[in-house]
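These figures come from a predicted structure and were not determined experimentally. Note that ligands are numbered from 1 as they come in the structure, with each ligand's atoms numbered from 1 the same way.
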Amino acid sequence: MDWWRQAVVYQIYPRSFADSDGDGVGDLRGVISRIPYLAALGIDAVWLSPFYPSALADGGYDVDDYRDVDPQLGTLADFDEMTAGLHARRIRVIVDIVPNHTSNRHPWFREALAAPKGSPARNRYIFRDGLGPDGAQPPSDWVSLFGGPAWARVPDGQWYLHLFAAEQPDLNWENREVRDDFTTTLRFWSDRGVDGFRVDVAHGLAKNLVEPLEPQAGMKDPIDGALPPGTHPLWDRDAVHDIYAEWRQVFNEYDPPRAGVAEAWVHPSRRPKYASPDGLGQAFNFDLLEANWNAGEFLRIITDNLSDAQRQGSSTTWVLSNHDGVRHATRYGLPPEEYRSRDNARKWLLSGGTSPRLERGPGLRRARAALLLVLALPGSAYLYQGEELGLHEVPDIPFELVQDPAHARSRGAEKGRDGCRVPLPWTPGGPSFGFGPGAAHLPQPAWFGPLSVEAQDRDPASTLVLYRQALSWRHKLQTAESMDWMPSTNGQVLHFARPGGWRCVTNFGPGPVPLPNGTVILTSVPVEGNQLPADTTAWLLSS
Ligand code: GLC
């Protein structure tokens, strides 16, 4: 029943995974063609980022129709074939559900634009009159996460709320019709055999819409814990859990119950509610996305999240990379600074990858060590496509080819997230390194060739082979969700034991340390003798 608790989930960004028809955009038949690859990797589930009809104002997170496949990506029949093919290889399927906003091409939004003020069609969204004598000022000071005001004006003078791009109008979750439509969608995919849902912006649905709208200026982000819980007008309000309680009932209509994982950027003390068995069941822990390569930071994050998960009755999730951030091989190859590695990486991106200097080799070495560390921990691990190839972020996409709305909306203050969404290299050459028969929708750098699947397949020291070995060992060794820290005399070394004699030791320091006793079964880079080199993880079995 609880297959998800310690599952390894591989995130597919469908438009950049594999392209079967040469139009430059990945598709579901591309995924089908790579099922043997996914099976050989040894994952337990895939999570597909949105494949729904979309104009791609936000990489597919602007959904035109929640119950269909984008014609460029395939058909519902392809989806069914993909699901059956994955299930036949014992790989579960998680789909992304985007409830905070539709796209501006969704039939409901078109209807709302055509309908008068105060109409039921407008009430599915958040329309308000503006402020000032002629209503020319937005209804509140709320800002879009992609930059600029969160309100856009329509021809009759009203404004609608969009916490992301203007093409992503926010839904009104106080409206029963909206709620019912989403449970219809959950059943639609569950009936097709989908095993779970990743819930986009899960902390955003319930808003304080009482007039006058509460100002946001000067208000802290709810994530830093400075606000009394649940008091922000837009984020992480308690009422959101009523929605997930309803969803849980839908999930539990199925056998096994459908799983849920919340993307909730909330204070850790607020995560348990999202992850509760009466709610979505699991919530992402994004702490490692923001952490530096540092033993102390990892220690704190691991300890805190394991104890949080225990309190909430869920399992924690480990995420090193996803489609929204700079790949971790790159983060770990940038100079450590006082600020968080994510911010460091953003600056590097804006410089086109020139400053500060990226140390590609050490970055990848640490990424491999980090992987073995997180795969040895209790809980589930979410891998992002391409990390198994040791890909670095692509920093030099020409500005005129950037697709991510965060770039334009922030007026260039952000480069955007395209650098981790560049189509995967499958072969050392060809028009798109084997991504498809044609070109790729984002330019791929020349250094993708030697990192392609085909090139790494043959190389026993490759990152791809390391992932396969690690996942295969993990399957054999994974037991109860517990771990014990082992004494370590060196603050740069983390060493822990899982039940059954499985041990993991990571050396974050600059020089070698003695390997603890035990039989070494896997190391993140080749290790000789009984010293564990810098930036290396070893898995051992107690002898
Ligand atoms: C989530 C997604 C991100 C998207 C945003 C708006 O944070 O992960 O890619 O831009 O939601 O839907």
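Here is the list of ligand 1 atoms found below 4.0 Å of a heavy atom in Phe146: 10 (O). Against a heavy-atom cut-off of under 4.0 Å, His323 is close to the following atoms of ligand 1: 2 (C), 3 (C), 8 (O), 9 (O). Ligand 1 places these atoms under 4.0 Å from at least one heavy atom of Asp324: 2 (C), 3 (C), 7 (O), 8 (O), 9 (O). The contact set between ligand 1 and His101, taken as ligand atoms under 4.0 Å from a residue heavy atom, comprises 6 (C), 12 (O). In the vicinity of Arg417, heavy-atom distances shorter than 4.0 Å reach the ligand 1 atoms 3 (C), 4 (C), 9 (O), 10 (O). Below 4.0 Å from some heavy atom of Arg421 lie the following atoms of ligand 1, by number and element: 9 (O). Short contacts between ligand 1 and Asp58, defined as distances under 4.0 Å to a heavy atom of the residue, involve ligand atoms 4 (C), 5 (C), 6 (C), 10 (O), 12 (O). If you number the atoms of ligand 1 from 1 as listed, the ones under 4.0 Å from a heavy atom of Val201 come out as 1 (C), 11 (O).
Applying the ring pair (Phe, Tyr, Trp, His ring centres under 6.0 Å) test to every pair with at least one member in residues 384-403, sequence neighbours left out, gives these pairs: Phe399-His407.
Figure legend: Arg258 and Phe251 shown without cation-pi pairing, the cationic atom not lying both under 6.0 angstrom from the six-membered ring centre and within 45 degrees of its axis. No cation-pi contact links Arg122 to Trp108, judged by a cut-off of 6.0 Å to the six-membered ring centre and 45° from its axis.
Nearest heavy atoms, Arg198 versus Ile94: N-CG2, 3.6 Å.
Looking from atom 7 (O) of ligand 1 to the surrounding protein, the closest heavy atom is Glu263 OE2, 2.7 Å. Protein heavy atom at the shortest distance from atom 11 (O) of ligand 1 is Asp200 OD1, 2.8 Å.
Ring to ring, Phe286 and Phe284 are close: their centroids are under 6.0 angstrom apart. Under the 6.0 Å cut-off for aromatic ring centres, Phe109 and Tyr125 qualify, their centroids lying closer than that.
Within 6.0 Å of atom CZ in Arg411, 12 or fewer heavy atoms from other residues, nucleotides or ligands are found, so the atom counts as exposed in its surroundings.
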